Amino acid sequence: MVNPKLKDELNDQLCNAVLQLKTVEECYQFFEDICTISELKAMSQRLEVAKMLQKRYTYDEIVSRTGASTATISRVKRCLNYGADGYNLVFERLNQEQPEEIK
């Protein structure tokens, strides 16, 4: 379920824009234009933190590998446990697309 505080016309427009992207190269082009490098790296870092949390890595291992703060790790963990299941949705779909050795 989508948080009603997020649901508005501008966020709908952003989500629909992302859905128009068809390749990784197109994603790079779009995100380079719409985000700062720091914003993009922060989102990428959170995704990796979520993946590592699902695989039961410790906070110390996650900090060492990603450089994420423990506050970021806690925030991502809270989303995994109590969020909108967006991470889980993406991971399920990625797992369906990728052969086992890539995961």
Side-chain angles (χ1 to χ4, degrees):
M1 178 180 217
V2 175
N3 182 337
K5 292 179 183 178
L6 291 176
K7 187 85 170 121
D8 66 22
E9 188 176 325
L10 292 177
N11 284 330
D12 284 353
Q13 178 177 272
L14 175 61
C15 291
N16 283 318
V18 170
L19 289 171
Q20 299 309 306
L21 303 170
K22 293 182 175 36
T23 67
V24 171
E25 183 65 29
E26 287 178 357
C27 288
Y28 271 105
Q29 289 175 284
F30 179 70
F31 284 110
E32 183 177 335
D33 286 348
I34 201 164
C35 297
T36 65
I37 292 171
S38 296
E39 290 167 336
L40 185 55
K41 287 190 177 285
M43 289 189 290
S44 299
Q45 182 186 64
R46 288 184 201 125
L47 186 62
E48 181 63 15
V49 166
K51 188 166 90 174
M52 293 179 76
L53 284 168
Q54 283 196 329
K55 292 181 177 182
R56 307 242 188 255
Y57 282 76
T58 67
Y59 273 42
D60 287 341
E61 291 170 321
I62 296 169
V63 167
S64 176
R65 180 167 171 181
T66 68
S69 69
T70 56
T72 295
I73 298 167
S74 295
R75 189 176 321 117
V76 171
K77 185 174 184 176
R78 192 170 40 255
C79 289
L80 285 169
N81 292 330
Y82 306 108
D85 283 331
Y87 283 119
N88 293 325
L89 177 66
V90 166
F91 291 144
E92 284 175 19
R93 292 192 181 159
L94 286 171
N95 286 336
Q96 291 171 1
E97 288 181 6
Q98 298 176 346
E100 189 61 35
E101 63 272 3
I102 294 177
K103 295 177 195 171

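Note that the coordinates shown come from a computational prediction; the quantities given were computed from them, not determined experimentally. Residues: numbered from 1 along the sequence shown.
- Cluster partners of L6 are absent, since no Ile, Leu, Val, Met, Phe, Trp or Tyr has side-chain heavy atoms less than 4.5 Å from it.
- Here K22 pairs with nothing under the salt bridge (Lys or Arg N to Asp or Glu O under 4.0 Å) rule; sequence neighbours left out.
- Applying the side chain to side chain donor-acceptor pair (under 3.5 Å) rule to T72 yields the partners S69; only residues at least two apart in sequence or on another chain are considered.
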Side-chain donor-acceptor pairs under 3.5 Å in residues 82-92, sequence neighbours left out?
residue : atom : partner : partner atom : Å
D85     : OD1  : N88     : ND2          : 3.1
N88     : OD1  : Q54     : NE2          : 2.4

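- Between atom NZ of residue K55 and atom CD1 of residue I62 there is a gap of 11.5 Å, rounded to the nearest 0.5 Å.
- For the atom pair E97 CD and R93 CZ, the distance stands at 9.5 Å (nearest 0.5 Å).
- Residue L10 holds its CG atom at 9.0 Å from CG of L14, rounded to the nearest 0.5 Å.
- Scanning for side-chain contact (heavy atoms from CB on, under 4.5 Å) contacts around S74 gives Y59, with sequence neighbours left out.
- Not a single side chain to side chain donor-acceptor pair (under 3.5 Å) links E32 to another residue, sequence neighbours left out.
- Residues L80 and A50 come closest through the heavy atom pair CD1-O, 3.8 Å.
- Partners of R65 according to the salt bridge (Lys or Arg N to Asp or Glu O under 4.0 Å) rule, which considers only residues two or more places apart in sequence or in another chain, are E48.
- Of all heavy-atom pairs spanning I73 and L53, the tightest one is O-CD1, 3.8 Å.
- Residues that satisfy the side-chain contact (heavy atoms from CB on, under 4.5 Å) test with C35, not counting sequence neighbours, are F31, E39, L40, M43.
- For S38, the side-chain contact (heavy atoms from CB on, under 4.5 Å) partners at least two apart in sequence or on another chain are T36.
- With sequence neighbours excluded, the residues forming a side chain to side chain donor-acceptor pair (under 3.5 Å) with T58 are E61, listed by chain and number.
- Annotation for R46 and R75: closest pair NE-NH1, 4.3 Å, computed over non-hydrogen atoms.
- Atom CG of L19 has more than 12 heavy atoms from other residues, nucleotides or ligands within 6.0 Å.
- For the side-chain contact (heavy atoms from CB on, under 4.5 Å) test, residues two or more places apart in sequence or in another chain that qualify with K5 are N3.
- Scanning for side chain to side chain donor-acceptor pair (under 3.5 Å) contacts around Y28 gives an empty result, with sequence neighbours left out.
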